[in-house]
Amino acid sequence: MQDIQGQSEQASDVNKASAQGQKRAVWMRRLMTWHWISSAFALFGMLLFAVTGFTLNHAGQIPASKEVVTVETVLPEALLAPLQQAAVDESELPAELHDWLQSEYDLSLPAREPEWSEFEVYLSLPRPGGDAWLSVDLETGDLLYESTDRGWIAYLNDLHKGRDAGQAWSLFIDFFALVCLVFSLTGLAVLWLHARERASVWPVTGLGVLLPVLLALLVVH
C-alpha cells in the first residue's frame, strides 16, 4: 500500500514538474517572440542613437564643416504690394514670393508662420543640422536670406536630440523609446528564465546596473 502511495506521489511530482516545464516553455516562446519583434523595430534606431551618442560625446574632437549661403536682393514692385497686404492681415508669406524665390534663387521655403513688425517681416527656419532665416523690409523691399548647413554629423546629432525635427520625428522617438522598453524588459525576463542554468546571469546583470550608478554617484559632479 505504501509502495502504491509512494508511486502515486512520485507520479504527481513528475506531472507537476512537467506542467511547470510546459508553462515555462510557453512563456519562453512568447517572450522570445516579443523580444525579436521589438529588436527588429528597434534595430536601426538603436544603431542611429548609439552612433550619434558617440559623436555627441566627442563633438569637440570631430571636425565640423559649415556651409553658408546668403542671398541679398530687392523684391520687384509686383511682389512688394502683396507682401505689404499680408503684413496688414498678418497672414503667411504670399505664394508669389515663394514662387519667385524658387524660380530666381532655387530657394524652397517651408510653410512657417512669419513674424510681422511695422517695418519688417522675419521668417525663422531652423532645421536639424542647420539654420536659416529670411527678412524683408516692408518699405524698401530689401530681402536678406541666410542658410547655414553644418553637415551630416550635425544633422544626425540633432535628430538624436529631436532638435527642430518636427512632430513626426518626435512621435518616432516616443515610439522608439517604447519599443526599446519592451526589448529590454523581455530580455530581462529571458535572463530570469535562464538564470537557474547560468550562474553568471545575475552577477553580469548586476554589474551592468552597478557600474553607471557608481559612476554617477562617485565621478559625475
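In what follows, every heavy atom counts, from backbone to side chain, and hydrogens, waters and symmetry copies are set aside. Bear in mind the structure is a predicted one, so any value in this text is a computation, not a measurement.
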Answer yes or no: is there a donor N or O on one side and an acceptor on the other, between the side chain of [X] and the main chain of [Y], under 3.5 Å?
X: D89; Y: S91; answer: no
X: T33; Y: R29; answer: yes
X: W36; Y: L31; answer: no
X: W34; Y: F183; answer: no

Atom pair [atom1]/[atom2] of [X] and [Y] - distance to nearest 0.5 Å:
X: E115; Y: Y122; atom1: CD; atom2: OH; value: 7.0 Å
X: Y145; Y: L109; atom1: OH; atom2: CG; value: 6.5 Å
X: T52; Y: I153; atom1: OG1; atom2: CD1; value: 11.0 Å
X: Q102; Y: D106; atom1: CD; atom2: CG; value: 5.5 Å
X: C180; Y: F175; atom1: SG; atom2: CZ; value: 10.0 Å
X: H160; Y: L48; atom1: NE2; atom2: CG; value: 8.5 Å

Linked, directly or transitively: [X] and [Y] (ILVMFWY side chains, under 4.5 Å):
X: L211; Y: V219; answer: yes
X: L79; Y: W116; answer: yes
X: W202; Y: L214; answer: no
X: V74; Y: Y105; answer: no

Any side-chain heavy atom of [X] within less than 4.5 Å of one from [Y]?
X: L125; Y: L123; value: yes
X: V88; Y: E90; value: no
X: D149; Y: V69; value: no
X: L159; Y: L156; value: yes
X: L101; Y: L143; value: yes
X: H98; Y: S103; value: no

Point to revise | Contacts of type salt bridge (Lys or Arg N to Asp or Glu O under 4.0 Å), residue E197, not counting sequence neighbours | key: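 Here the qualifying residues are R24.
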
Point to revise | Distance flag, aromatic centroids of F41 and F176, threshold under 6.0 Å | key: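 No, the ring centres sit 6.0 Å or more apart.
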
Practice item. Evaluate the criterion side-chain hydrogen bond (donor to acceptor under 3.5 Å, both in side chains) for residue pair R127 and T148; output intermediate values, then yes/no. Key: CA-CA 10 Å; R127 64 180 184 275; T148 303; over 6 Å; no

Grab the two heavy atoms, one from [X] and one from [Y], that are nearest each other, plus how far apart they are.
X: S135; Y: E120; result: CB-OE2, 3.5 Å
X: L138; Y: E118; result: CD1-O, 4.0 Å
X: L191; Y: T205; result: CD1-OG1, 3.7 Å
X: P82; Y: P94; result: O-CG, 3.7 Å
X: H194; Y: V201; result: O-CG2, 4.4 Å
X: T73; Y: W100; result: CG2-CH2, 3.9 Å

Evaluate whether atom [atom1] of [X] has more than 12 neighbouring non-hydrogen atoms of other residues, nucleotides or ligands under 6.0 angstrom away.
X: F54; atom1: CZ; value: no
X: Y155; atom1: OH; value: no
X: Q61; atom1: CD; value: yes
X: W133; atom1: CH2; value: yes

Practice item. Start with the C-alpha gap between F49 and I173, add the side-chain angles, then the distance that decides, and say whether side-chain contact (heavy atoms from CB on, under 4.5 Å) holds. Key: CA-CA 10 Å; F49 280 84; I173 291 179; 4.3 Å; yes

Review point. According to the salt bridge (charged side-chain N to carboxylate O under 4.0 Å, His left out) rule, which pairs have a member within residues 158-184, sequence neighbours left out?
Key: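 Residue pairs passing salt bridge (charged side-chain N to carboxylate O under 4.0 Å, His left out), neighbours aside: R150-D158, D158-K161, D158-R163.
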
Practice item. Please lay out, stage by stage, how L134 and L93 fare under the test side-chain contact (heavy atoms from CB on, under 4.5 Å). Key: CA-CA 11 Å; L134 172 78; L93 295 178; 4.1 Å; yes

Exercise for review: May I have the step-by-step check of side-chain hydrogen bond (donor to acceptor under 3.5 Å, both in side chains) for T55 and N157, ending in yes or no?
Suggested key: CA-CA 7 Å; T55 56; N157 286 346; 2.6 Å; yes

Exercise for review: In sequence, state the C-alpha distance, the side-chain angles, and the governing distance for L97 and L75, and then conclude on side-chain contact (heavy atoms from CB on, under 4.5 Å).
Suggested key: CA-CA 9 Å; L97 177 60; L75 287 182; 3.6 Å; yes

